[in-house]
Q: 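Please see the structure below; I have some questions.
Quick note: numbers below take in every heavy atom, side chains included, and nothing from hydrogens, waters or symmetry partners.
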Number of protein chains: 2
Amino acid sequence: MAVKRRRSSVSPPPQGCPLTTCMQFLKGAWTPNVIWYLRGGPRRFSELLADIPGVSPKVFSARLKRLERDGILTRHVMPTSPPTVEYSLTDLGHELTPAIDAIVQVGHKLKRRWIP
Amino acid sequence: MAVKRRRSSVSPPPQGCPLTTCMQFLKGAWTPNVIWYLRGGPRRFSELLADIPGVSPKVFSARLKRLERDGILTRHVMPTSPPTVEYSLTDLGHELTPAIDAIVQVGHKLKRRWIP
DNA sequence: AGCGGTACTTACCAAACGGAAAGTCGAATA
DNA sequence: TATTCGACTTTCCGTTTGGTAAGTACCGCT
């Protein structure tokens, strides 16, 4: 015989799902890392590039561009020579930090669980 | 003149970065959604498929397979006819829920911020 | 004998992603 | 005059991703 279909005991269907909404902003390689490193204040391109080993300039500038387009961070060119560019989180960007923090915390727990 | 390189005021470099570690498990379309829907207890393939509109069976079974391989969930075939399969979170899977919850919370805030 | 339900799989495909390497540009410095 | 710096951009390319559509296997039911 067949099995009854159970209703979900958890939540409404993802029509305009908050989970999906938020994940859109965290999508793409290095995205959460950028937000993490900007939490402490504005930071320059080459600084971030060094903060996050392994990322290529191309991918990275694309990432920053998308983050700026999405309103997560702002780009500020300074009149130095050679010109330097500072990135900082917007208010919207700061709203994401609780999520990032939680992910980091879980990351720590996972590492403790794995290595021992 | 040139600008001084500032040191990061935030954290250690991502060598075995907890953020990256955790994000690996949340990577891929629908991954956080699956975990969200399994929080409430075991659930079957077709139930999850209906929970999460828009996902195709192919992508979905691949996702579940990877999640099982990663130790996030377990697959349990039941001796019904036709056979039904139940998926449930492992202990490791449950460790991820704080992160998912935080993301959902932020998602809610973002939606409030967007629509008004 | 044929149908329906469940849980997939397979084949195919296009777009997106992400990495390496090299080039650009203007001002300042050696 | 040549080089360096900072912040990119461009080109090229292989991999991965995710989607559609259709097929499969098993068993019980009508």
Side-chain angles (χ1 to χ4, degrees), chain A residues 1-7 14 17 19-20 23-34 37-38 42-70 73-88, chain B residues 1-8 14 17 20 23-34 37-38 42-70 73-88:
Chain A
M1 50 18 193
V3 183
K4 274 182 274 182
R5 171 70 168 293
R6 295 165 304 186
R7 273 194 291 137
C17 166
L19 185 47
T20 309
M23 286 307 290
Q24 265 169 241
F25 292 103
L26 305 182
K27 225 181 86 180
W30 319 113
T31 303
N33 305 72
V34 173
Y37 280 105
L38 287 179
R43 211 144 170 73
R44 294 190 287 114
F45 188 84
S46 57
E47 289 175 328
L48 289 167
L49 212 57
D51 287 339
I52 306 172
V55 63
S56 73
K58 182 206 118 179
V59 169
F60 202 57
S61 86
R63 195 63 46 219
L64 292 168
K65 213 167 273 185
R66 215 203 55 196
L67 254 4
E68 190 193 3
R69 190 207 62 191
D70 290 352
L73 51 79
T74 51
R75 215 181 87 102
H76 194 232
V77 183
M78 314 195 67
T80 51
S81 155
T84 54
V85 185
E86 266 194 357
Y87 296 90
S88 23
Chain B
M1 50 22 190
V3 183
K4 275 183 273 182
R5 172 71 168 292
R6 296 166 302 187
R7 272 195 290 135
S8 171
C17 166
T20 309
M23 286 307 289
Q24 265 170 242
F25 292 105
L26 305 182
K27 224 182 86 181
W30 320 113
T31 304
N33 306 71
V34 172
Y37 280 105
L38 287 180
R43 209 143 171 74
R44 293 191 287 114
F45 187 84
S46 57
E47 290 176 328
L48 289 167
L49 212 57
D51 286 339
I52 306 172
V55 62
S56 72
K58 181 205 121 179
V59 169
F60 202 58
S61 85
R63 194 64 46 219
L64 292 168
K65 213 166 272 185
R66 215 202 57 197
L67 254 4
E68 190 194 3
R69 189 206 63 191
D70 289 351
L73 52 80
T74 51
R75 215 181 86 102
H76 194 232
V77 183
M78 314 194 66
T80 51
S81 155
T84 53
V85 184
E86 267 194 357
Y87 295 90
S88 23

Q: So, is A/Arg44 close to the D/dG6 phosphate, meaning a side-chain N or O under 4.0 Å from OP1 or OP2?
A: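 No, no such contact exists.
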Q: Please state how far atom CD1 in A/Ile52 lies from atom C1' in D/dA7, giving the value in whole angstrom units.
A: 16 Å
Q: Taking NZ from A/Lys65 and P from C/dC17, how many angstroms apart are they, rounded to a whole number?
A: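 Roughly 15 Å, once rounded to whole Å.
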Q: Could you state the atom-to-atom distance from CZ of A/Arg75 to P of D/dG6 in whole Å?
A: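 Rounding to the nearest Å, CZ of A/Arg75 and P of D/dG6 are 16 Å apart.
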Q: Checking B/Arg66 now: which residues fulfil salt bridge (Lys or Arg N to Asp or Glu O under 4.0 Å) with it, not counting sequence neighbours?
A: B/Asp70
Q: What is the distance, to the nearest angstrom, from the CD atom on B/Gln24 to the P atom on C/dG18?
A: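 Between P of C/dG18 and CD of B/Gln24: 14 Å.
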Q: With sequence neighbours left out, write down each residue that passes side-chain contact (heavy atoms from CB on, under 4.5 Å) with B/Ser61, or none if nothing qualifies.
A: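 B/Ser61: side-chain contact (heavy atoms from CB on, under 4.5 Å) contacts with B/Phe45.
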Q: With sequence neighbours excluded, what pairs up with B/Tyr87 under the ring-ring contact (aromatic ring centres under 6.0 Å, His included) test?
A: none
Q: Under 3.5 Å, is there a donor-acceptor pair between the side chain of A/Thr80 and the main chain of A/Pro82?
A: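 Indeed, once roles are kept as given, a pair shorter than 3.5 Å links the two residues.
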Q: Return the OG1 to CD distance between B/Thr84 and B/Glu47, rounded to the nearest 0.5 Å.
A: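 Between B/Thr84 OG1 and B/Glu47 CD, I get 9.0 Å after rounding to 0.5 Å.
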Q: Look at the side-chain N and O atoms of A/Ser61 and state whether any lies under 4.0 Å from the OP1 or OP2 oxygen of D/dT9.
A: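 Indeed, a polar side-chain atom of A/Ser61 lies that close.
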Q: When you check every protein heavy atom under 4.0 Å of nucleotides 16-27 of chain D, what one-letter string (B, S, -) results, 5' to 3'?
A: --BBB------S
Q: To the nearest Å, give me how far apart CE (A/Met78) and P (D/dA7) are.
A: 11 Å
Q: I need the CZ-P distance between A/Phe45 and D/dT9, as an integer number of Å.
A: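 After rounding, the gap between these two atoms is 8 Å.
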Q: Could you grab the distance from atom OG1 of B/Thr31 to atom CE of B/Met23, nearest 0.5 Å is fine?
A: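 It comes to 10.0 Å.
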Q: Just the rounded figure in Å: distance from P of C/dC17 to CE of B/Met23.
A: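 To the nearest whole Å, that distance equals 14 Å.
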Q: Could you state the CZ-C1' distance from A/Phe60 to C/dC17, rounded to the nearest angstrom?
A: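 So the two atoms are 16 Å apart, to the nearest Å.
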